[in-house]
Amino acid sequence: MTLVLKIGGNQLDDPAFIAGMAAAVKALPAPAVIVHGGGQSIKALQERLGIVPRYVGGLRVTDPETLTIVMMSLIGAINPMLVAALQTQGVQAQGFNGADQGLLRGEKLSHPDGDLGAVGVITTVRAEVLRGLLAAGIVPVIAPIMLGIDGTFFNINADRAAGAVGAALNAERVVFLTNVRGVLKEGAVIPTLNRTAIQTQINAGVITGGMAVKVNAALDALSAGVRAAVITDLAGLAAGTGTTISHDL
């Protein structure tokens with residue numbers, strides 16, 4: 001079973017989470033593919049350098065200066081940190097960005113609300129590269145930086161990158177690792193949801209705020225072609241629990 005793990009930027013500031021993630025990946029029955037974000041780190045570095053982050057439709061506007069910061073954060077700091085944590089646990093891991101072996105290729109993303117700058121949408125994933133690594137027992141750790149057709153770099157939304165990678169691999173699941181057990185209703189995890197049920201729970205005020213963002217990311221993964229998406233925490237990854245989001249029947 002091919003598994004894609006998406007790790008969000010909020011969790012990457014917590015050393016205990018990083019160590020727990022590495023231990024959980026080691027305990028998996030087969031190597032997984034990891035796609036990570038880094039939004040909080042990027043924002044903090046922008047602010048330290050006096051750059052005000054700008055967003056259009058919830059996506060970061062990536063001008064040339066911001067693209068440099070994004071690459072510094074994702075490729076220069078976060079990616080090797082995750083690889084090191086995995087290696088420390090005895091997991092063979094290798095860091096990647098979209099330029100490595102042409103792993104992620106695509107084009108500029110057009111947005112109806114305005115110009116996002118160097119923000120891209122993936123059109124091609126070299127799944128054979130990832131399959132070769134998995135077959136060799138190596139965990140690929142992917143920073144969501146994409147190579148354009150003309151050789152330029154683009155920033156990619158990490159949730160959408162995880163969905164594209166999962167679809168290209170025909171992954172059984174894309175797991176969105178968070179700090180909550182899943183989608184909760186009255187304190188209990190809702191074990192399964194589909195698109196129709198999600199809309200019902202949003203209308204009822206059960207799914208709100210940050211969880212609504214996570215659920216929409218899972219729906220994006222389904223739209224990309226993934227069979228199922230799971231929202232869970234580290235304990236749920238180990239136990240196989242959380243909220244599984246699947247296609248409407």
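Numbers here simply count residues along the sequence, with the first being 1. The figures that follow rest on heavy atoms only: side chains count, while hydrogens, waters and symmetry mates do not. Just so we're clear, the structure is a prediction, and the values are computed from it rather than from any experiment.
For D14, the side chain to side chain donor-acceptor pair (under 3.5 Å) test picks out no residue, with sequence neighbours left out. Residues passing the side chain to side chain donor-acceptor pair (under 3.5 Å) test with T196 are D248, sequence neighbours excluded. Here S223 pairs with R195 under the side chain to side chain donor-acceptor pair (under 3.5 Å) rule; sequence neighbours left out.
Applying side chain to side chain contact (heavy atoms under 4.5 Å, CB included) to I34 and the options V4, N79, V25, I142 leaves one that passes, V25. Between N155 and the options L109, I42, V70, a side chain to side chain contact (heavy atoms under 4.5 Å, CB included) holds for only V70. With V174 as the fixed residue, the side chain to side chain contact (heavy atoms under 4.5 Å, CB included) test singles out one of V226, D159, V230: V226.
For residues 228-245, the set of pairs meeting the side chain to side chain donor-acceptor pair (under 3.5 Å) definition, not counting sequence neighbours, is empty. Applying the side chain to side chain donor-acceptor pair (under 3.5 Å) test to every pair with at least one member in residues 163-174, sequence neighbours left out, gives these pairs: E172-R227. Sorted pairs that involve residues 42-58 and meet salt bridge (charged side-chain N to carboxylate O under 4.0 Å, His left out), not counting sequence neighbours, are lacking altogether.
Between L5 atom CG and M21 atom CE the span is 8.5 Å, to the nearest 0.5 Å. Note: L130 CG to T2 OG1 = 10.0 Å, rounded to the nearest 0.5 Å. Atom CD1 of I149 and atom CZ of F154 lie 9.0 Å apart (nearest 0.5 Å).
Looking only at distances, no side-chain donor or acceptor of K26 sits under 3.5 Å from a matching main-chain atom of V91. No donor-acceptor pair under 3.5 Å is formed between the side chain of R105 and the backbone N or O of T124. In this structure a side-chain-to-backbone donor-acceptor pair under 3.5 Å is present from Q87 to A93. Remark: the backbone N or O of G148 is not paired with any side-chain donor or acceptor of T152 at under 3.5 angstrom. Formation of a donor-acceptor pair under 3.5 Å by the R181 side chain with backbone atoms of G187 is found in this model.
Between the side chains of D63 and T66, at least one donor N or O lies within less than 3.5 Å of an accepting N or O.
When all heavy atoms of P31 and G137 are compared, the pair lying nearest together is CG-CA, 3.7 Å. Scanning all heavy atoms of the two residues, the minimum distance from P53 to R60 falls at CB-NH1, 4.3 Å. Residues T178 and F17 approach most closely at O-CE1, 4.1 Å, considering heavy atoms.
Salt-bridge annotation for K108 and D115: present, with a side-chain N of the basic residue lying under 4.0 Å from a carboxylate O of the acidic one.
One hydrophobic cluster, built from ILVMFWY side chains closer than 4.5 Å, holds both L12 and I69.
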